[in-house]
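Excluded from the calculations below are hydrogen atoms, water molecules and symmetry mates; all remaining heavy atoms, backbone and side chain alike, are included. Bear in mind that the values here come from a model prediction, so they are computed numbers and not experimental data.
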Amino acid sequence: AFLRENIKSWSYIDRERNIMNSELYKRVTSHRKSCPETHVPEYTCINHAKIDFVKYATENIVDSDIKYVGWVDFGYIRKLTDLPSDKVFVYDALKNNHVNMIFNNDIDEFDSDPYFTLIFAPEKITGPFWFGSKEALLKYWEKYHATVQKLHNIGVADDDQAIMLNTFTHQ
């Protein structure tokens with residue numbers, strides 16, 4: 001009930017299920033059957049919900065002095081050491097009024113194509129960490145959901161990393 005009432009991403013389950021059950025989508029993602037983001041709409045929607053949970057928290061924060069918020073998946077801390085040293089999180093590198101993320105690899109021209117991302121699943125942006133001012137994250141929330149809708153309109157359902165990459169390449 002909480003998800004249905006407060007988390008916009010949860011309303012995408014039926015749409016994502018319909019996309020994932022389409023014959024075209026199944027053919028395009030047949031080589032990724034072990035990836036839950038290609039056949040489990042609850043998985044993609046709960047990953048999309050990260051930004052919704054942050055938005056919910058920012059709208060319900062009692063302490064008005066809080067200016068920055070973010071998301072960290074618990075498993076990410078364990079994996080942080082696996083990143084190349086030039087990609088590791090540096091607190092001093094955070095930019096005010098931006099959504100700060102960690103990129104695993106450089107962005108190239110193919111990353112703006114949602115079908116390329118769906119088929120090849122390049123690991124470019126880490127989904128489990130982002131941080132920024134409340135204002136920047138609320139703007140990102142709007143862009144994130146606009147991107148989900150855009151991809152749904154062309155028959156693509158994917159996880160938060162793909163949505164983040166597509167949002168970033170089309171800003």
Please walk me through it: do His31 and Ile119 pass side-chain contact (heavy atoms from CB on, under 4.5 Å)? CA-CA 8 Å; His31 64 289; Ile119 294 167; 3.9 Å; yes
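- Using a 4.0 Å cut-off between a side-chain N of Lys or Arg and a carboxylate O of Asp or Glu, Lys55 and Glu59 qualify as a salt bridge.
- Taken to the nearest 0.5 Å, the CD1 atom of Ile163 stands 6.5 Å off from the CG atom of Asp158.
- For the residue pair Thr169 and Ser112, no side-chain donor N or O sits within less than 3.5 Å of a side-chain acceptor on the partner.
- In this structure, Phe53 and Trp71 have parallel ring planes: the angle between them is below the 30° cut-off, well short of the 60° mark.
- Closest heavy-atom contact between Asp159 and Tyr43: CB-CE2, 4.4 Å.
- The environment of NZ in Lys139 is sparse: at most 12 heavy-atom neighbours from other residues, nucleotides or ligands sit within 6.0 Å.
- Open room surrounds CZ on Phe110; 12 or fewer heavy atoms of other groups in view lie less than 6.0 Å from it.
- Once rounded to the nearest 0.5 Å, the distance linking CZ of Arg27 with OG of Ser22 reads 8.5 Å.
- The aromatic rings of Tyr144 and His48 lie perpendicular to each other, with more than 60° between the two planes, well past the 30° mark.
- Considering all non-hydrogen atoms of both residues, Ala162 and Thr117 come closest at CB-CG2, 3.7 Å.
- Residues Leu137 and Gly132 share a closest heavy-atom pair of CD1-O, 3.7 Å.
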Test side-chain contact (heavy atoms from CB on, under 4.5 Å) on Ile154 and Tyr115; report intermediate values, then the result. CA-CA 9 Å; Ile154 61 170; Tyr115 293 108; 3.4 Å; yes
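- Here the straight-line distance linking atom CG of Asp52 with atom CD1 of Ile7 works out to 5.0 Å at 0.5 Å rounding.
- Leu151 and Val40 end up in different hydrophobic clusters when Ile, Leu, Val, Met, Phe, Trp and Tyr side chains are linked at under 4.5 Å.
- Here the straight-line distance linking atom OG1 of Thr167 with atom CD of Glu142 works out to 12.0 Å at 0.5 Å rounding.
- Here the OH atom belonging to Tyr140 is positioned 9.5 Å from the NE2 atom belonging to His145, to the nearest 0.5 angstrom.
- To the nearest 0.5 Å, atom CG of residue Asp106 and atom NZ of residue Lys124 are 7.0 Å apart.
- Under the salt bridge (charged side-chain N to carboxylate O under 4.0 Å, His left out) criterion, Arg32 pairs with Glu37, sequence neighbours left out.
- Nearest heavy atoms, Ile13 versus Pro41: O-CB, 3.8 Å.
- Under the 4.5 Å side-chain heavy-atom criterion for grouping Ile, Leu, Val, Met, Phe, Trp and Tyr, Trp141 is connected to Phe168 within one hydrophobic cluster.
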Stepwise, does the side-chain contact (heavy atoms from CB on, under 4.5 Å) test hold for Asn21 with Lys26? CA-CA 7 Å; Asn21 286 333; Lys26 287 178 183 178; 4.3 Å; yes
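- For the pair Ile19 and Tyr25, the tightest heavy-atom approach, listed with the atom from each and the gap, is O-CB, 3.1 Å.
- Using a 4.5 Å heavy-atom threshold, the side chains of Glu123 and Gln161 count as touching.
- With respect to the salt-bridge test (charged N to carboxylate O, under 4.0 angstrom), the residues Lys67 and Glu135 do not qualify.
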Apply the test side-chain contact (heavy atoms from CB on, under 4.5 Å) to residues Glu109 and Phe116: give CA-CA distance (whole Å), side-chain angles for both, the deciding distance (0.1 Å), then the verdict. CA-CA 10 Å; Glu109 72 269 15; Phe116 176 87; over 6 Å; no
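- No side-chain donor-acceptor contact under 3.5 Å links Thr147 and Asn166.
- A continuous path of ILVMFWY side-chain contacts below 4.5 Å connects Val69 to Ile51, so both sit in one hydrophobic cluster.
- Taking each heavy atom of Trp10 and Glu42 in turn, the nearest pair found is CZ3-O, 4.1 Å.
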